[in-house]
Enquirer: 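Below: one structure in structure tokens.
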Amino acid sequence: MLAEVGAGLVAAPHVVRLLRRLDVMEPFLRRAVALERAWEFRRRADGSVLSVERLTGVCERLYGERTYGLHRSDLLDTLRSAVPDAWIRLGARCTSVDETAGDGVVLRFADGSLVEADVVIGADGMHSVVRGAVTEPAPPEHSGLCAFRTLVPAAAAPEFARRPTHTIWLGPGQHFVHCPVAKPSTSSPSPRPVTTPASPGARRPPPRSSGPSSPTGTRGYGP
């Protein structure tokens, strides 16, 4: 099933241009938050800003579109609105991908069915079956890094986390990231989630600055 999974992401101008070509900007803009600043690096110990990149006005001038933050499920819903229901097949587990004699491929599924396709996009996770068709299959290796992600209601988030900004708090051995993932909607029964620090034992970054608090969704994670 297509469910509300994952957390937030940033849709850069090159992504937004493709969404506009698909004619799905209306549903996209209903939930996405236009980011005013991004890659705002702060020192976690005292909240001081090390560097920040202004997006408002700059992205439009250089790339023709703005940069947005949104929840993954909202982007999924946006893309689904551009695809006929008959094209979406759920609950099908691909077991192999083989090239045909021509330029196509054949996908084999666990239920024994076959599908021929001209193009296959491998977005099937760290245990990817598609990856094994284009390179030497190898089991995933643990990098030694760990990330914790969480979403909480915007009203419960500190003021600094409600700004339309993608912020990274840097500290020794770990860091914390947060950005808005949704804005108010009259059709929503409750506010969209916002994130707070999730690292065990990590100190909450001090609220050194404040700004517009209209976005009601943010993501955050920290190793």
Side-chain angles (χ1 to χ4, degrees), residues 1-36 38 55-56 59-60 62-94 97 104-105 107 109-111 113-126 128-131 149-155 157 162 164-166 177-195 212-221:
M1 61 179 296
L2 295 177
E4 184 170 322
V5 296
L9 51 80
V10 174
H14 66 285
V15 173
V16 180
R17 285 200 299 268
L18 294 177
L19 295 176
R20 191 176 296 280
R21 288 175 58 184
L22 290 174
D23 195 25
V24 293
M25 287 300 290
E26 182 178 351
F28 173 76
L29 293 176
R30 278 201 298 264
R31 304 304 293 154
V33 180
L35 298 179
E36 297 178 359
L55 301 181
T56 302
C59 286
E60 299 95 311
L62 294 177
Y63 310 114
E65 296 286 356
R66 299 195 67 173
T67 296
Y68 298 85
L70 76 161
H71 195 279
R72 292 174 188 268
S73 64
D74 289 329
L75 179 60
L76 183 62
D77 288 342
T78 296
L79 294 173
R80 184 174 184 176
S81 68
V83 180
D85 290 341
W87 293 7
I88 300 176
R89 178 183 174 188
L90 303 177
R93 182 171 64 87
C94 181
V97 180
V105 293
L107 294 89
F109 293 89
D111 62 1
S113 62
L114 302 178
V115 172
E116 294 187 15
D118 296 324
V119 177
V120 174
I121 299 175
D124 49 344
M126 61 185 299
S128 172
V129 172
V130 177
R131 182 176 62 239
R149 298 189 304 181
T150 186
L151 296 166
V152 301
R162 303 179 194 179
T165 302
H166 180 273
V177 182
H178 62 83
C179 73
V181 299
K183 61 187 178 184
S185 173
T186 55
S187 62
S188 298
S190 59
R192 292 287 299 179
V194 171
T195 55
S213 57
S214 58
T216 61
T218 304
R219 73 169 179 178
Y221 52 86

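Worth knowing before you read on, the calculation uses all heavy atoms, side chains too, and leaves out hydrogens, waters and symmetry mates.
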Enquirer: Is there a donor-acceptor contact under 3.5 Å from the side chain of Arg162 to the main chain of Ala154?
Expert: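 Flag set: sc Arg162 to bb Ala154 pair under 3.5 Å.
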Enquirer: Which heavy atom of Pro27 sits nearest to which heavy atom of Ser81, and what is that distance?
Expert: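 Closest heavy-atom pair between Pro27 and Ser81: CG-OG, 4.0 Å.
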Enquirer: Does the side chain of Val115 come within less than 4.5 Å of Arg89's, by heavy atoms?
Expert: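 When only atoms from C-beta onward are counted, Val115 and Arg89 do touch, with a gap below 4.5 Å.
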Enquirer: Counting only heavy atoms from other residues, nucleotides and ligands, does the tally under 6.0 Å from CD1 of Ile88 exceed 12?
Expert: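 For Ile88, atom CD1 is crowded (more than 12 foreign heavy atoms under 6.0 Å).
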Enquirer: What are the two closest non-hydrogen atoms of Pro164 and Ala34, and how far apart are they?
Expert: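 Of all heavy-atom pairs spanning Pro164 and Ala34, the closest is CB-O, 3.6 Å.
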Enquirer: Mind listing the closest non-hydrogen atom pair of Arg17 and Tyr63 along with its distance?
Expert: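 Here Arg17 and Tyr63 meet closest at NH1-O, 2.9 Å.
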Enquirer: Can you name the one residue among Val33, Leu35, Leu29 that meets side-chain contact (heavy atoms from CB on, under 4.5 Å) with Tyr68?
Expert: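 Between Tyr68 and the candidates, side-chain contact (heavy atoms from CB on, under 4.5 Å) is satisfied uniquely by Leu29.
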Enquirer: Run Leu19 and Leu75 through side-chain contact (heavy atoms from CB on, under 4.5 Å) and show every step you take.
Expert: CA-CA 10 Å; Leu19 295 176; Leu75 179 60; 4.2 Å; yes
Enquirer: Check whether any side-chain N or O of Thr78 sits under 3.5 Å from a backbone N or O of Asp74 as a donor-acceptor pair, and report yes or no.
Expert: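 It does hold such a pair.
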Enquirer: Rounded to the nearest 0.5 Å, what separation is found between the CZ atom of Arg31 and the CG atom of Asp77?
Expert: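 CG of Asp77 is found 10.0 Å from CZ of Arg31.
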Enquirer: Which residue, Val181, Val15, Leu70, forms the side-chain contact (heavy atoms from CB on, under 4.5 Å) with Leu9?
Expert: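 So, applying the side-chain contact (heavy atoms from CB on, under 4.5 Å) to Leu9 and each of Val181, Val15, Leu70, only Leu70 qualifies.
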Enquirer: Looking only at atom types and distance, does a side-chain atom of Arg131 sit under 3.5 Å from a main-chain N or O of Met126, one as donor and one as acceptor?
Expert: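 A pair under 3.5 Å: yes.
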Enquirer: With rounding to the nearest 0.5 Å, note down the distance linking OG1 in Thr165 to NE2 in His178.
Expert: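 The distance works out to 8.5 Å.
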Enquirer: Can you list everything that forms a salt bridge (charged side-chain N to carboxylate O under 4.0 Å, His left out) with Arg80? Sequence neighbours excluded, please.
Expert: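 Residues passing salt bridge (charged side-chain N to carboxylate O under 4.0 Å, His left out) with Arg80: none at all.
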Enquirer: Looking only at heavy atoms, which two atoms of His71 and Leu151 are closest? And how far apart?
Expert: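 Heavy atoms only, the tightest pair is NE2-CD1, 3.4 Å.
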Enquirer: To the nearest 0.5 angstrom, please state how far the CG atom of Leu18 sits from the CZ atom of Arg20.
Expert: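 Separation between the atoms: 11.5 Å.
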Enquirer: Around Asp118, counting heavy atoms of other residues, nucleotides and ligands shown, do more than 12 lie under 6.0 Å from its CG?
Expert: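 No, CG of Asp118 has 12 or fewer neighbouring heavy atoms, counting only those of other groups under 6.0 Å.
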Enquirer: Taking all non-hydrogen atoms of both residues into account, name the closest pair between Val10 and Cys179 and its distance.
Expert: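 Between these two residues, the closest heavy atoms are CG2-SG, 4.5 Å.
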Enquirer: Considering all heavy atoms of both residues, which atom of Leu107 and which atom of Cys94 are nearest to each other, and what is their separation?
Expert: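 Closest approach of Leu107 to Cys94, heavy atoms only: CD2-SG, 4.1 Å.
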Enquirer: Could you check if a side-chain atom of Leu79 sits within less than 4.5 angstrom of a side-chain atom of Leu22, using non-hydrogen atoms only?
Expert: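 Yes, close enough: below the 4.5 Å cut-off.
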Enquirer: Could I get the full list of salt bridge (charged side-chain N to carboxylate O under 4.0 Å, His left out) partners for Arg93, not counting sequence neighbours?
Expert: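 Residues passing salt bridge (charged side-chain N to carboxylate O under 4.0 Å, His left out) with Arg93: none at all.
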Enquirer: Of all residues at least two apart in sequence or in a different chain, which pass the salt bridge (charged side-chain N to carboxylate O under 4.0 Å, His left out) check with Glu26?
Expert: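 Per chain and number, Glu26 pairs via salt bridge (charged side-chain N to carboxylate O under 4.0 Å, His left out) with Arg30.
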